[in-house]
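Taking it in order: structure first as structure tokens, then the write-up.
Just so we're on the same page: letters track the sequence lines, and every chain starts at 1. Only a predicted model underlies this, so the values are computations on that prediction, with no experimental measurement involved.
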Amino acid sequence: MASLQPVRGTHDLLPEDARRHRFITDMSRFIAGRFGFEEIVTPIFEFTDVFKRTLGDTSDIVTKEMYTFEDRSGDSLTLRPEGTAGVARAFISGALSNNLPLKFFYTGPMFRHERPQKGRLRQFHQIGVELLGVATPQGDIEAIALGAEVLRGLGVLDKTQLEINTLGDKESRDAYRAVLIAYFSDFADKLSEDSRARLERNPLRILDSKDDGDKRIVAGAPSFADHLTPAAQDFFAQVKAGLSLLGISFTINPRLVRGLDYYCHTAFEFTTDALGAQGTVLAGGRYDGLIGTMGGPQTPGVGWAAGVERLAMLIPEPPAAERPVAVIPVGSLAETVALQVTHALRKAGFIADLGYSGNLSKRMKRANKLNARFAVILGDDELARKAAMLRDLDSGEQAEVPLLELRDRLAQTR
RNA sequence: GCGGGUGUAGCUCAGUUGGUUAGAGCGCCAGAUUGUGGAUCUGGAUGUCGCCGGUUCAAUUCCGGUCACUCGCCCCA
């Protein structure tokens, strides 16, 4: 086994994997385009503060998962651990607030120093969308509908379930948080160690604990639904109604939460049971407070991100590579003609492969391995007649074709 | 970051109760077929038995460490 290994948690994408990824990014970009989302490309690293301010000082990502380094001018930079912060920063830097609403699609690598697992890498890839400037439930509905359409386009929608929840508005959440802390504090000594830490940082998370003891305590916890303001209830009702109107099925998961203060209203996740512990495939929510928190104008936003590697694992077969035409010279005289023919076919838009060496048999084997559709065989006999033997590699039939007609004959079969 | 499992050929895996030349299938290469691939047959090459150290006359096998992968937790895409 080779001793030269890639950095832990990083991964080479060999052509078959790369094709799978390209299919995912191309398809999602295309479908996002139908919804009016245009691609935005932001840098792969930002000033560390961009992520610290958006993700909060206590989040796991900021406290232990960022690839942060100092560059030669002494600035603290961080490889982006997620995509929203960069888009929000671009929105502020570019003073785009008078063009609202804005609809962005992005794709690219993200970096988190986590312990790798299946579906969890240190460099991974995401696709995502951000819809800025729409404060009404229409935005949430459109974002979720787009997510569902992307999954459908990829052929994986039926392998996922959509779960949604509401985090309410700030008023609802503050009230609920206080009630929750009061409730759980009574049980503090009985909670698991993890949950005791969550009581400080993010009490909502306790609701989703997998610890059996915690679950018993959670069962008696006050319900968020009882603390939603009428406005927040109405907002959520409209989101649900919109999804139903579009035929998007969902379940409500009251334990689906987001930790940071700027999240509000709708949180949603498309999950699968096919990927073990990393079941979340596409997830997002509304973040009306984010841009304001970063120092920009108060601007509502809703968006989601999806893991390309996780999506790739749900796609059983990668899309087939395009099938080439194999040009096969027989004898050294034919080599120069083969080079010309190959070049002409490439200029005409065909994928043409000119084997580099070997006799006819060997080159035919190579053509077969490349899954070539046709072989163009150039030997002395054919060349004497300014023709080539055109062999259909699927049927095994072959016929001589004048060189001048080769291009049109091949074009007919496309 | 915490706990468990695994690591033998390019891939999937057998095997060695510690003993001399470590195996299979698939794949790869060559030939049967010097102008015809896919099927078949014949032959060939695979390899620090993850890495480092310890115990031992002897370690791929036992022990320790380490690295990688993997499962769960945490968290997330």
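- B/U6 and B/A68 make up a base pair, with Watson-Crick or G-U wobble contacts both under 3.5 Å.
- OP1 or OP2 of B/G37 lies within a sub-4.0 Å distance of a side-chain N or O belonging to A/S361.
- Here the separation of B/C13 from B/C73, taken at their P atoms, is 24 Å to the nearest Å.
- Ring geometry for A/Y183 against A/F187 counts as tilted: the plane angle lies between 30° and 60°, on a 0 to 90° scale.
- Distance from the side chain of A/D381 is smallest for B/G35 among the nucleotides B/C29, B/G38, B/G35.
- For A/D17 and A/R19, the salt-bridge test fails: no basic side-chain N is under 4.0 Å from an acidic carboxylate O.
- If you check every strand for non-hydrogen atoms under 4.0 Å, A/L370 touches nothing.
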For nucleotides 68-74 of chain B, just jot down a letter per nucleotide in 5' to 3' order: B, S or -, based on protein non-hydrogen atoms under 4.0 Å. SSBSBBB
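- The pair A/K170-A/D174 meets the salt-bridge criterion, with a side-chain N (NZ, NE, NH1 or NH2) lying under 4.0 Å from an Asp/Glu carboxylate O.
- Side-chain atoms of A/H11 and A/Q123 include no donor-acceptor pair closer than 3.5 Å.
- Phosphate contact (OP1/OP2 of B/C28, side-chain N/O of A/K362, threshold under 4.0 Å): absent.
- Across B/G47 and B/A22, the matching C1' atoms stand 9 Å from one another, rounded to whole Å.
- Ion pairing of A/D394 with A/R323 is present here, as a side-chain N (NZ or NE/NH1/NH2) and a carboxylate O approach within less than 4.0 Å.
- In this structure B/G1 sits in a base pair with B/C73, meeting the Watson-Crick or G-U test at under 3.5 Å.
- Of the nucleotides present, none pairs with B/U21 by Watson-Crick or G-U wobble criteria with both distances under 3.5 Å.
- B/G38 is unpaired under the Watson-Crick or G-U wobble criterion, no partner having all donor-acceptor distances under 3.5 Å.
- Looking at heavy-atom distances under 4.0 Å, A/N371 makes no contact with the nucleic acid at all.
- As the counterpart of B/U55, no nucleotide is assigned, since no Watson-Crick or G-U wobble pattern has both distances under 3.5 Å.
- Nucleic acid contact class of A/R391 (heavy atoms, under 4.0 Å, all strands): base.
- Residue-to-nucleotide contacts include no donor-acceptor pair under 3.5 Å from the side chain of A/N368 to the base of B/G38.
- Between A/F51 and A/F47, the gap from one ring centroid to the other reaches at least 6.0 Å.
- The residue A/A367 sits apart from the nucleic acid: no heavy atom pair falls under 4.0 Å.
- Base engagement by A/I377 is indicated by at least one non-hydrogen atom pair under 4.0 Å involving a base atom.
- In this structure, B/U46 makes no Watson-Crick or G-U wobble pair, since no nucleotide meets both defining distances under 3.5 angstrom.
- Ring pair A/H227/A/Y176 is tilted by interplanar angle, where 30° to 60° counts as tilted.
- Residues A/R80 and A/E46 are not paired through a salt bridge, judged by the lack of any N-O separation under 4.0 Å between the basic side chain and the carboxylate.
- For the P atoms, the distance linking B/C49 with B/U21 amounts to 13 Å, nearest Å.
- Near-neighbour residues of RNA chain B inside residues 395-403 of chain A, defined by a heavy atom below 4.0 Å, number-ordered: A/G396, A/Q398.
- A donor-acceptor contact closer than 3.5 angstrom links the side chains of A/T78 and A/T68.
- Using a 4.0 Å cut-off between charged side-chain N and carboxylate O, A/K103 and A/E142 make a salt bridge.
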